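Data block below; observations after.
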Amino acid sequence: MINNDYSTALILEDDADWDVSLKPQLREFARGLHALKGTDQVSKEAPYGTDWDLLWIGGCASGPSANETSFYAIPMDPTVPKSHHRSTWGGPTEKWKEKYPELAEDSTRFIYRAEMGCCMFGYAVTRKGAQNILSALSVDHLDKPVDNALSDLCAGLYGRRKVECWAPFPNLIGTHRKAGSAFRDSDIEKTNMADFHEEQAWNMVYSTRRNIQRLVAGEDTVFSQWKDEDVSWSSPKINRKDFVYPGGHLFN
């Protein structure tokens, strides 16, 4: 990225998956990011801006500082899975939950400055962010798994330069697992070849991978992973042409 002088880049793992409404999700994420940063003018060439280091949009965990008071929330987000369906941890602080009980954790997406993260299904960096990360990981030899190392940089731990990280919770990019043996799911986790599971798409409702045959066929109707479950904020199926992603609000 630095060699080619790219201003920003998005990095995805090869088994990444995302909601069929990722584009409107990202537009609202950008609005939330600018609301939190107090941006006056937004460039069409750089809709997320370039005054940040890392956007941790895909992972299995993220969290703000315990003292953070500002966040952007999207209530009744139909693309947010119930808490018990998620493979995540972190998210809103206890202070936020107490102060804003109307923001149900089951159905609200939060956007905030992150001081913790884990897993790297999808993330974006700026040129400045790439330089700061490379300095920490290769020059200063921060000897940890890369996601844990980046999490430390987001928090500015161990005397490191604190990088500017922003994240949604739940995340917008997850990971897909084909039905079959868990042994082939990962090359870093030890699993038993005899352990089998159904098809899985972590932390999303209308999975692109699970709806890929319908999408390729040009169909507009897609289905939730939990189409037999009755929830008030999300439908078992949606028509992509008619679907409208909700707007969020800044909370200070």
Side-chain angles (χ1 to χ4, degrees), residues 12-13 15-29 32 55-64 71-94 96-97 100-112 114 116-123 166-179 182 185-186 197-215 221-240 242-249:
L12 298 172
E13 292 189 351
D15 55 358
D17 193 8
W18 46 83
D19 198 278
V20 297
S21 60
L22 180 63
K23 285 185 178 180
Q25 285 179 329
L26 286 174
R27 281 196 293 268
E28 195 59 29
F29 176 75
L55 301 182
W56 209 323
I57 56 177
C60 48
S62 73
F71 63 92
Y72 190 84
I74 307 167
M76 301 296 285
D77 183 340
T79 66
V80 169
K82 267 188 171 182
S83 298
H84 71 263
H85 287 312
R86 305 174 195 169
S87 304
T88 57
W89 65 95
T93 68
E94 292 303 320
W96 297 355
K97 295 177 186 178
Y100 304 102
E102 70 275 16
L103 298 177
E105 193 169 356
D106 258 356
S107 57
T108 304
R109 195 179 304 277
F110 297 84
I111 299 167
Y112 45 72
M116 178 277 288
C118 187
C119 305
M120 305 185 73
F121 307 142
Y123 64 102
W166 298 87
F169 185 89
N171 52 277
L172 296 176
I173 294 176
T175 188
H176 179 263
R177 298 285 184 263
K178 291 183 178 180
D185 288 347
S186 173
H197 58 70
E198 299 295 328
E199 184 181 17
Q200 300 173 346
W202 292 2
N203 309 323
M204 67 203 71
V205 178
Y206 307 104
S207 158
T208 295
R209 293 286 292 269
R210 296 199 66 168
N211 283 284
I212 194 66
Q213 296 298 337
R214 298 181 187 89
L215 297 172
T221 299
V222 293
F223 291 87
S224 162
Q225 290 195 74
W226 305 284
K227 55 181 179 292
D228 297 326
E229 187 174 72
D230 184 24
V231 295
S232 60
W233 67 91
S234 187
S235 301
K237 63 180 180 180
I238 59 170
N239 185 298
R240 293 187 298 140
D242 299 332
F243 181 74
V244 178
Y245 190 71
H249 309 279

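All figures in this text were calculated on a predicted structure; none of them were measured in a lab.
Under the salt bridge (Lys or Arg N to Asp or Glu O under 4.0 Å) criterion, Glu105 pairs with Lys97, sequence neighbours left out. In terms of the side-chain contact (heavy atoms from CB on, under 4.5 Å) criterion, residue partners of Ala61 (sequence neighbours excluded) are, by chain and number, Trp89, Met116, Cys118. Arg214 meets the salt bridge (Lys or Arg N to Asp or Glu O under 4.0 Å) test with no other residue; sequence neighbours excluded.
Side-chain N or O atoms of Asn203 include none that pairs as donor or acceptor with a backbone N or O of Cys60 at under 3.5 Å. Listed for the Tyr112 side chain is a donor-acceptor partner under 3.5 Å among the backbone atoms of Ser62. At least one donor-acceptor pair closer than 3.5 Å links the side chain of Glu28 to the backbone N or O of Gly248. Thr93 places a side-chain N or O within 3.5 Å of a backbone atom of Trp96 that can act as its donor or acceptor partner. Distance alone, capped at 3.5 Å, places no donor-acceptor pair between the Trp56 side chain and the Met120 backbone. Side-chain N or O atoms of Tyr206 include none that pairs as donor or acceptor with a backbone N or O of Ser21 at under 3.5 Å.
Residues Ala16 and Ile173 come closest through the heavy atom pair CB-CG2, 3.9 Å. Residues Ala201 and Asp17 come closest through the heavy atom pair CB-OD2, 3.5 Å. The minimum heavy-atom distance between Ala167 and Ala114, with the atom names listed, is CB-CB, 3.9 Å. Considering every non-hydrogen atom in both Asn171 and Gly59, the closest pair reads OD1-O, 2.7 Å. Between Ser234 and Val205 the shortest heavy-atom distance is OG-CG1, 3.8 Å. Contact record, Pro75 with Gly247: CD-O, 4.2 Å, taken as the closest heavy-atom pair.
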What do the steps show when you test Glu229 against His85 for side chain to side chain donor-acceptor pair (under 3.5 Å), and what is the final call? CA-CA 11 Å; Glu229 187 174 72; His85 287 312; 3.1 Å; yes
List the steps, then state whether side chain to side chain contact (heavy atoms under 4.5 Å, CB included) holds for Arg86 with Val80. CA-CA 9 Å; Arg86 305 174 195 169; Val80 169; 3.2 Å; yes
Between Leu55 and Phe29, is the side chain to side chain contact (heavy atoms under 4.5 Å, CB included) condition met? List the steps. CA-CA 10 Å; Leu55 301 182; Phe29 176 75; 4.0 Å; yes
Please report the C-alpha distance between Lys23 and Trp18 in whole Å, then the side-chain angles of each, then the deciding distance to 0.1 Å, and finally whether the side chain to side chain contact (heavy atoms under 4.5 Å, CB included) criterion is met. CA-CA 10 Å; Lys23 285 185 178 180; Trp18 46 83; over 6 Å; no
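Looking only at side-chain heavy atoms (C-beta outward), Asp19 and Leu172 stay at 4.5 Å or farther from each other. Side chains of Met76 and Ser232 form a contact here, defined as non-hydrogen atoms less than 4.5 Å apart. Taking 4.5 Å as the limit, some side-chain heavy atom of Leu103 sits within range of a side-chain heavy atom of Phe110.
Using a cut-off of 4.0 Å between Lys/Arg side-chain N and Asp/Glu carboxylate O, Asp77 and Arg109 are scored as salt-bridged.
For the atom pair OH (Tyr123) and CG (Leu12), the distance works out to 9.5 Å, reported to the nearest 0.5 Å. Summarising the geometry, atom OG1 belonging to Thr79 is positioned 4.0 Å from atom CD belonging to Gln25; distances are rounded to the nearest 0.5 Å. Atom-to-atom distance recorded for Phe243:CZ and Lys237:NZ is 15.5 Å, nearest 0.5 angstrom. For the atom pair OH of Tyr100 and CZ of Phe71, the computed distance is 5.5 Å after rounding to the nearest 0.5 Å. Between the OG atom of Ser235 and the CG atom of Asp230 there is a distance of 10.0 Å, given to the nearest 0.5 Å.
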